[in-house]
Every structure is written in C-alpha cells, then in structure tokens.
Amino acid sequence: MADAGEGFFKRVYEIVALIPAGKVATYGGIARMIGSPGSARIVGWAMRSAPKGLKLPCHRVVRTTGELCPSYVFGDSEIQRSILDAEGITFREDGTIDMERHLWQV
DNA sequence: CAGCTGACAATAA
DNA sequence: GTTATTGCCAGCT
C-alpha cells in the first residue's frame, strides 16, 4: 500500500469495506486488525467522518456487545435492522446481533 | 504548538 | 448483574 491517504482512516475504510455480507465486525476488532487495539473509538470516528462516496457498510460495524450504535443510522433506527436482516444477520430477542454467528473473523 | 473531542472497550465498585 | 469511570489513539480547532 504505497498510498496512505488519510492514514488511519483509509485503513479503517479498507477493513470495513472488506466485511462480507451476512457478517459483522466490532470496532475494537477492526482497530486490532489495523494495528491499534486501543483505537476502537477512532474506528467509530472514521465511520462518522467517512465520505459517503465509499458506501461503507457502517451497519455491519457493531459493538463488542452485539449492540448497534444509536446514532450511526443512515436514515432511521429501523433502517439498520432492515439492512442487516436483508444481509442475513439474525437478531436476538433483545435486538442485539448474534455475534457468535455473524462475527467476522479472518 | 497544545488541547479538546470522539459512532468504544474494559475494569472497578 | 448493573452502572460508572478511566484509558486509548488519531484527527480537528
């Protein structure tokens, strides 16, 4: 990777963009793939500052608890559930994602 | 140049 | 078991 772009952000975009449909990744997990296990917050921040042209599947990025962030939604809180459901993600009774079943790991 | 903020995570009480 | 606090790294003002 000769081009570093924005540096850390670019790295996050690459990881998130590589998340296959039907799978989800955690902020801390992505941060760890980049090489900064303590920058879980930066990953989330990268999503927030992520240009829409990249079409990053932010909905596939969830917390370690399997809970999605309340404010990252594209349009409405119900949208993310619909998207993930369309991707093949299964939700539990409490509205959290089945991490054991959809946690993306290389 | 220095300090603050931020879509999280882990540990302690 | 739940709730609160601290720690982390990188960008932005």
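Atom set for the values below is all heavy atoms of this structure, side chains included, hydrogens, waters and symmetry mates excluded.
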- Message: Using the rule given for side chain to side chain contact (heavy atoms under 4.5 Å, CB included), can you reason through A:H102 versus A:L84, listing the C-alpha separation, both sets of side-chain angles and the distance that settles it, and then say yes or no?
- Response: CA-CA 11 Å; A:H102 301 292; A:L84 294 170; over 6 Å; no

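Summarising the geometry, the separation between CG on A:L103 and P on B:dA9 is reported as 12 Å, rounded to the nearest angstrom. Distance A:R60 CZ to B:dA7 C1': 17 Å, rounded to the nearest Å. Atom-to-atom, CH2 of A:W45 to C1' of B:dA9 comes out at 18 Å; the value is rounded to the nearest Å.
Chain A approaches DNA chain C within less than 4.0 angstrom (heavy atoms of the protein), and the contacting nucleotides run 5' to 3' from C:dG7 to C:dC12.
Pairing each heavy atom of A:M47 with each of A:Y27, the nearest pair is CG-CE2, 4.3 Å. Contact record, A:W104 with A:P20: NE1-CD, 3.3 Å, taken as the closest heavy-atom pair. Across every non-hydrogen atom of A:I34 and A:I15, the tightest pair is CG1-CG1, 4.3 Å.
For A:R63, a side-chain nitrogen or oxygen approaches OP1 or OP2 of B:dA9 to under 4.0 Å.
Of the two residues near DNA chain C, A:S49 and A:I42, the one whose nearest nucleotide lies more 5' is A:I42. Residue order along DNA chain C, read from the 5' end via each residue's closest nucleotide, puts A:R41 first among A:R41 and A:S36.
One N or O on the side chain of A:R60 and one on the backbone of A:I19 form a donor-acceptor pair closer than 3.5 Å.
Under the side-chain contact (heavy atoms from CB on, under 4.5 Å) criterion, A:A17 pairs with A:L56, not counting sequence neighbours.
Counting distance only, with no hydrogens placed and no angle test, the side-chain atoms of A:Y27 and the base atoms of B:dA7 include a donor-acceptor pair under 3.5 Å.
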